[in-house]
2 protein chains.
Amino acid sequence: MSLSPKIENFVLHCGEMGSRWGFNRTIGQMVALLVIHEQPLTANEIAESLKISRGNVSMGIKELQSWQLVKVTHIPGDRKEYYAPNGSIWDLANRVFEERRKREVDPTLTLLRDQILEGGNSPEEEYANNQIQTIHDLLETITKWSAELQRLSPEQLQTLMKLGSSVSKVIDLKDKLLKKS
Amino acid sequence: MSLSPKIENFVLHCGEMGSRWGFNRTIGQMVALLVIHEQPLTANEIAESLKISRGNVSMGIKELQSWQLVKVTHIPGDRKEYYAPNGSIWDLANRVFEERRKREVDPTLTLLRDQILEGGNSPEEEYANNQIQTIHDLLETITKWSAELQRLSPEQLQTLMKLGSSVSKVIDLKDKLLKKS
DNA sequence: TTAAAGTTTCAATAATTACTGAAACTTTAG
DNA sequence: CTAAAGTTTCAGTAATTATTGAAACTTTAA
């Protein structure tokens, strides 16, 4: 399976970006390949298209499954496994976002909680405790907010996103409503 | 300069998380150290506290400056440079967020725009073009939205964040208002 | 000026992370 | 049951990324 120049371009770019998105080059390329192809692909097709080893594909699939980004399908009368993106583009983006929050925010939140409980002993640590509390509160807000977004339906999210520059107006509106009641 | 166990814990943790936040261990530790200390620190103090080389500190500072996370200060009668966080915790988080968007989203947006302009030649590429368009639209929405958030004042952001579960109510409200007018 | 204090650069090297490919394992058709 | 088809694992190695430390550079006080 060789790729058209345009598709190859796209796949290579996603490979380069891969490490910035939280995985590695190979895995970036794999997601791109699966997303850009309407039909599911076999592990061998992936290896051949990307010119990487079969073992590497296997490890990549495993990693992608841990991110819940791929699903396995089968074609009747064919025992090979076929891989496809697990949901719409939007679903995939959502999962990456969520997974990254888990890896980038949650462990810190846990540590900070513990440190806050410890309290400040020496007076020299007063400032440090304050800073830790501030960071904690910020991260907790981000966590709650992102959980909130996850709960919205795609349509609601679209609406929210499209609010654009009127976000601040909505906030003002909310304020006024709260004051009245 | 040696660190108290609690502060050392915090600094080491931020080091481990560093690579997940978009920089490396040393830089993660440096930010943590600067944030946790009320007084600005010299490059030598940083090197000594973190037990890393002077050169490494210099490169780290440079990187942190490219992220706009540190500022240089001077103490009258002392020619050494003192480093401190460039703004509040909130400011720093904001900058990291923004910088990451630039590195993680913008390059892809540029590529996709070009690819969309190229158009689809072979009928086999129809599907690919559709996917590319979808990804493009998603990324553009994210970009616009995040620019929007940047424009809000810290207070407005606080309000927005604290809306929490009432976000969907606000959206509904907006819908109703739009229909009336 | 100049030399002492301070900072940066970068080639060499260490540490980490990713990839290969062959062997081991699993599944299924016959 | 068995052998062919398919998949996974992982030790060895390649590629990448981070760090050191010594030399070069810059700044300033005297």
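Keep in mind that what you see is a predicted model, and the values were worked out from it rather than measured. Here is how names work: the chains are called A, B, and so on, in the same order as the sequence lines, proteins then strands, and each is numbered from 1.
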Open item on the list: Just to verify, what does Glu38(A) make a side chain to side chain donor-acceptor pair (under 3.5 Å) with, not counting sequence neighbours?
Closed with: none
TODO: Kindly indicate whether the side chain of Asp91(A), heavy atoms from C-beta on, has any atom under 4.5 Å from the side chain of Asn86(A).
DONE: no
TODO: Starting from P on dA29(D), measure out to NE2 on His74(B) and report it in whole angstrom.
DONE: 12 Å
TODO: For each nucleotide in nucleotides 19-30 of chain C, reading 5' to 3', give B when a protein heavy atom comes within less than 4.0 Å of its base, S when such contact involves only the sugar-phosphate, and - otherwise.
DONE: SBB-----BB--
- [ ] Check whether any side-chain heavy atom of Val57(A) sits under 4.5 Å from a side-chain heavy atom of Tyr83(A), and report yes or no.
- [x] no
Task: Nonpolar side-chain network containing Ile75(B), other nodes, edges under 4.5 Å - done: Tyr82(B)
Open item on the list: Hydrophobic clustering (ILVMFWY, side-chain heavy atoms < 4.5 Å, transitive) - are Leu109(A) and Val11(B) grouped together?
Closed with: yes
Task: Euclidean distance, atom CD of residue Glu45(A) to atom P of dG6(D) [Å, nearest integer] - done: 11 Å
Open item on the list: From CD1 of Ile46(A) over to P of dT8(D), roughly how many Å is that when rounded to an integer?
Closed with: 11 Å
Task: Gap between atoms CE and C1', on Met30(B) and dT19(D) respectively (whole Å) - done: 13 Å
- [ ] To the nearest Å, give me how far apart CG (Asp78(B)) and P (dG6(C)) are.
- [x] 7 Å
Open item on the list: Distance check needed: dT7(C) P versus Tyr82(B) OH, whole Å only.
Closed with: 10 Å
- [ ] Could you tell me whether the phosphate oxygens of dT9(D), OP1 or OP2, come under 4.0 Å of any side-chain nitrogen or oxygen in Lys62(A)?
- [x] yes
- [ ] Using atom CD of Glu16(B) as one end and atom P of dT16(C) as the other, report the distance to the nearest whole Å.
- [x] 10 Å
- [ ] For Phe97(A), look at atom CZ and say whether over 12 heavy atoms of other residues, nucleotides or ligands are found less than 6.0 Å away.
- [x] no
TODO: Would you kindly give the CG-to-C1' distance between Leu41(B) and dG6(C), to the nearest whole Å?
DONE: 17 Å
